[in-house]
Number of protein chains: 2
Amino acid sequence: MSVLATPVPAREYDSCPVTRAVHRLGEKWTLLVIMLLGKRPHRYNELHRGIEGISQRILTRTVRLLEADGLVSRTVHPTVPPQVEYRLTPAGESLLVPLNALAGWAVEHY
Amino acid sequence: MSVLATPVPAREYDSCPVTRAVHRLGEKWTLLVIMLLGKRPHRYNELHRGIEGISQRILTRTVRLLEADGLVSRTVHPTVPPQVEYRLTPAGESLLVPLNALAGWAVEHY
DNA sequence: CAGCATCCAGAGCGATACTG
DNA sequence: CAGTATCGCTCTGGATGCTG
């Protein structure tokens, strides 16, 4: 993305880390999940109750994709009933910095 | 978004400037259009040729939405044939700063 | 040149019911 | 509690042809 050959090949664009990041952040609930986990770790139903309107299916998909991206860790405590804790990884924490910069910009300009 | 009442009401989330910004940036071609216009102003077909795989319909929609958001200006020169120049507004230029910060993060972590 | 009109496929998102 | 399994739909994104 730093060079931007013209025309920009579709595959190069799709595989660009920046593209992939904004596309992930642009998914409907991703930002909110990250912000909640940025405050503190949450259990599954804490997230579910904390986000009005999200379905279980979509919440699960959202956190699992973030986990696959390395931004969120998922810890299962083998208790009865089961307990699953989601928290930001160091990479996830580090996202909060540029994200807050973007948030500041958005509040100014959006 | 700074306070995050729990549960976060769906409407409040949707109307949040940060949410709206990342959702717009997350649209398929938005980032690329902004990066191209960040280099220099472009005419319509320059953008079209500069982005492999985008359709006219989607390119038009993308730049018009950015225009509606105040990030891009659209100038029609009443010549024959017509000439339309797209460029970043000051607000659009100012987006490049936090966007580059996010880009740096993405290259590190995505 | 810079679009618009029309039609269409598929991804993404969601509601609901069920379970280890 | 923390999910999975189905099913359904909206809505974004795209292909194609036409125009001031």
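Every chain is numbered from 1, with letters handed out A, B, ... down the list of sequences.
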Side-chain contact check for B:Tyr44: nearest option of D:dA15, D:dG3, C:dA2 is C:dA2
A:Lys28 atom NZ is separated from C:dC13 atom C1', nearest whole Å, by 7 Å
Taken to the nearest whole Å, CD/B:Gln56 to C1'/C:dC4 is 9 Å
- Using a cut-off of 4.0 Å on non-hydrogen atoms, how would the nucleic acid contact of B:Arg64 be classed: base, sugar-phosphate, or nothing? sugar-phosphate
Which of D:dG13, C:dA15, D:dG3 is nearest the side chain of A:Val84? It is D:dG3
Rounded to whole Å, the CD1-P distance (B:Ile54 to D:dT12) equals 15 Å
From CD1 of A:Ile58 across to P of D:dA2 the rounded distance in Å is 19 Å
Fill in: pair B:Trp105-A:Val97: side-chain heavy atoms closer than 4.5 Å
no
Winner on side-chain proximity to B:Arg57, out of C:dA5, C:dA15, D:dC1, is C:dA5
Q.
Measuring to OP1 and OP2 of C:dG3, would you say a side-chain N or O of B:Tyr86 lies under 4.0 angstrom away?
A. yes
From CZ of B:Arg61 across to P of D:dG13 the rounded distance in Å is 5 Å
### Task
Please tell me if the side chains of B:Arg64 and B:Val72 come closer than 4.5 Å, counting only heavy atoms from C-beta onward.
no
A:Leu65 CG to C:dA11 P, in whole Å, measures 15 Å
Exercise for the section: Indicate whether any N or O donor in one side chain lies under 3.5 Å from an N or O acceptor in the other, for A:Arg74 and A:Tyr86. Expected result: yes
Per atom distances to the A:Arg74 side chain, the nearest of C:dG3, D:dA2, D:dC1 is D:dA2
Less than 4.0 angstrom from a charged side-chain N to a carboxylate O is my criterion; do A:Glu46 and A:Arg49 meet it?
no
- Under 3.5 Å, side chain of A:Thr62 to main-chain N/O of A:Thr30, donor-acceptor pair present? no
Regarding the side chain of A:Pro82, the nearest nucleotide among C:dA2, C:dT6, D:dC1 is D:dC1
ask   = Is there a side-chain polar atom (N or O) of B:Trp29 under 4.0 Å from OP1 or OP2 of D:dG14?
value = yes
Out of D:dA2, C:dG3, C:dC1, minimum distance to the side chain of A:Gln83 belongs to D:dA2
Rounded to whole Å, CD of B:Glu85 lies from C1' of C:dG3 at a distance of 17 Å
When rounded to whole Å, the CG to P distance for the pair A:Leu47 and D:dC1 reads 14 Å
